[in-house]
Amino acid sequence: MEDKTIIQVKNLSYKIRENIILNDVSFSLLEGGFYSLIGTNGSGKTTLLRLIANNISPTNGNIIIDGKDIREYSPKSLARKISVVNQENEFLFDFSAHQIVIMGRMPYQKHLQNDSKQDLDIVKQSMLLTNTWQFKDRSIKELSGGERQRVFIARALAQKTPIILLDEPLSSLDIRHKIDILNILKKINEENNITILIILHDLSLSLQYSNKIISLKKGNLFGFSSPQRILTKENIKNIFDVKTQIIDNKYIVFDE
Amino acid sequence: MKNRGDVFWYILLILFIIVLSFISLFIGNISIFPLTENTLFILENIRIPRLIMCILCGCGLSVCGCAYQAIFRNPLSDPYILGVSSGASLGAALAIVLHLDSIFFGVSFMSFFFAMLSVFLIIKISSVGNRLHTTTLLLSGIAINFLMSALISILMIFNQQNMDEIIFWTMGSVSVSRYSDVLITFFSVFISITIILIYAKDLNALLLGGDSAKNLGVNVEKTKKVILFFSTLMVGIIVSFCGVIGFVGLIVPHIVRIIVGADNRRLIPFSILGGIIFMLIADILSRTLIFPSILPIGAITSLVGAPFFIYLLYNAKKQLNP
């Protein structure tokens with residue numbers, strides 16, 4: 001596999017009035033990588049993700065997506081590069097799972113254009129892959145947390161983007177559902193060479209699943225390296241202020 | 001629009017609209033049979049323009065409801081509840097007091113301008129960050145309603161010679177005499193609905209939230225501006241000729257949504273037909289319930305709409321605090 005940079009973040013800063021949320025963060029992500037983003041609450045993880053998704057604009061610095069500055073993309077062309085699974089939000093309207101996933105085809109459709117056979121096929125594939133096809137006609141309101149997350153991952157897949165960003169998709173799920181979702185992500189990451197950038201709270205899971213970990217501390221880049229090098233006893237103490245033991249380079253045990 | 005089942009229902013609903021239209025034309029103090037010069041005059045100058053206006057109000061107000069509900073991400077949004085209609089009627093009242101009614105479009109323009117002003121105020125009051133909070137949105141709508149009604153009352157006290165005309169705006173009526181009014185309304189409703197239909201898919205994405213819509217390639221800011229402009233234009237023009245007819249934009253999309261689902265690509269077309277049916281029935285009732293007198297049509301829609309709104313609030317409460 002050729003190492004191609006797909007996301008490059010250069011000297012990125014974000015301020016709200018005088019509060020520095022992100023401070024001079026730089027890193028490059030390679031195509032086909034599985035990256036997790038860790039840090040305490042308020043360390044700037046979600047802000048970083050929203051900046052890369054172009055939901056907010058940086059105070060300083062640049063984001064280069066696939067060789068082109070993010071500001072040069074039209075909304076539609078950016079939506080063909082990056083899809084996002086947002087933090088769970090409230091649903092006031094009864095969309096079916098299928099209706100949610102088919103929205104993933106919007107970047108490829110014109111106004112008033114109906115869903116083509118190809119769109120419907122891609123939606124079906126994405127829903128089968130995420131194990132959501134069997135409840136495609138059920139309302140998103142009636143689904144459980146894990147089922148909903150899979151529907152939104154299916155939508156991201158239907159968007160056919162080389163990059164998928166996920167903002168804490170696992171919080172509020174039990175361990176079975178967490179692993180189910182990570183396995184789906186790992187599968188699409190390996191089989192379709194899709195770059196994954198995911199905010200994770202569970203350190204053991206990020207150690208197991210990611211190729212590299214980006215860790216933030218108080219808006220600064222604390223480290224960007226392999227999981228084994230980031231998740232050491234000393235670093236975890238430094239980032240999260242908790243004592244741990246790491247066994248066999250694989251198991252993180254809290255020691256408080 | 002795409003599947004055959006829908007086409008069948010469209011045809012059925014259109015047939016029902018035709019039947020209701022004939023009923024609406026026949027009802028009144030004066031029987032139109034046998035057709036004479038006199039009855040034709042009544043038909044041509046009173047009943048037909050009223051019928052067309054009624055149809056335009058029905059589709060315009062319900063599509064505006066669909067659009068507001070998507071833009072504000074709030075199923076309880078409606079031009080009346082949010083105070084946009086009363087803003088428009090204040091504009092109309094001001095135009096009369098300032099004698100702008102002699103200028104072409106004068107009343108309509110003022111109506112539209114004040115409707116836009118109300119929308120702007122609501123957004124300013126109820127946004128927290130870049131989100132609109134449900135409760136604050138409804139409360140700011142109520143507050144704007146209070147403010148506009150107070151201003152209208154003051155206008156009436158100081159301009160007692162125009163009182164009757166102003167009261168008309170606060171009651172709502174589809175009786176119009178001039179075809180030019182009908183024509184202006186037709187064009188604004190037709191253009192606005194066409195544009196809102198073009199954005200139907202984008203409205204679906206907006207229902208999931210601004211960030212989500214942006215990540216699906218929707219130009220969120222532009223879409224919101226375009227939709228708010230045209231839906232408010234419709235309301236402004238409708239209010240300038242028909243006064244405040246409340247709750248149509250709340251009731252119709254709600255009932256249609258229960259039947260066809262939330263997808264705006266089906267919701268909007270069915271709401272157009274449903275809105276027309278709702279207004280025609282309201283019109284027929286307003287002219288038959290206390291025959292030979294006439295009830296204001298705005299009173300009829302509110303009589304149905306207010307309890308419906310309370311019912312929705314009650315359900316929302318149960319959902320939030322089970």
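Only heavy atoms go into these numbers, but all of them, side chains included; no hydrogens, no water, no symmetry mates. Below, chains carry the letters A, B, ... as their sequence lines are ordered, and counting in each starts from 1.
Ring geometry for Tyr209(A) versus Phe34(A): interplanar angle of 30 to 60°, hence tilted. Using bins of under 30°, 30° to 60° and over 60° for the plane-to-plane angle, the ring pair Phe190(B)/Phe186(B) lands in the parallel bin.
In this structure Asp69(A) satisfies the salt bridge (Lys or Arg N to Asp or Glu O under 4.0 Å) test together with Arg71(A), sequence neighbours excluded.
For the side-chain hydrogen bond (donor to acceptor under 3.5 Å, both in side chains) test with Asp121(A), the passing option among Lys117(A), Gln118(A), Gln125(A), Lys124(A) is Lys117(A); the others fail.
The candidate from Ile198(B), Asn215(B), Asn74(B) with the greatest count of non-hydrogen atom pairs under 4.5 Å with chain A is Asn215(B). Note: Met106(A) leads Lys110(A), Met106(A), Gln113(A) in heavy-atom pairs under 4.5 Å with chain B. With respect to chain A, the highest number of heavy-atom pairs below 4.5 Å among Ile258(B), Leu216(B), Val218(B) belongs to Leu216(B).
Looking at Ile100(A), the atoms closer than 4.5 Å to chain B (heavy atoms on both sides) all sit in the side chain, from C-beta outward. Neither the backbone nor the side chain of Arg105(A) comes within contact range of chain B; no heavy atoms are under 4.5 Å apart. Looking at Ala200(B), neither its backbone nor its side chain comes within 4.5 Å of chain A, counting heavy atoms on both sides. Heavy-atom distances place no part of Leu78(A) under 4.5 Å from chain B, backbone and side chain included. Interface residue Ile102(A): only side-chain heavy atoms are found under 4.5 Å from chain B.
Donor-acceptor pairing under 3.5 Å is recorded for the side chains of Asn145(B) and Ser86(B). No side-chain donor from either of Gln99(A) and Asn204(B) sits under 3.5 Å from a side-chain acceptor of the other. Between Asp180(A) and His177(A), the side chains place no donor N or O within less than 3.5 Å of an acceptor N or O (distance only, hydrogens not considered).
The stretch residues 57-65 of chain B places none of its residues near chain A, where near means some heavy atom under 4.5 Å from a heavy atom of that chain.
Cation-pi geometry between Arg80(A) and Tyr108(A) is met: the NZ or CZ atom falls under 6.0 Å from the ring centre, inside 45° of the normal.
The distance between the ring centers of Phe112(B) and Phe229(B) falls below 6.0 angstrom.
Using a 4.5 Å heavy-atom threshold, the side chains of Lys4(A) and Asp66(A) count as touching.
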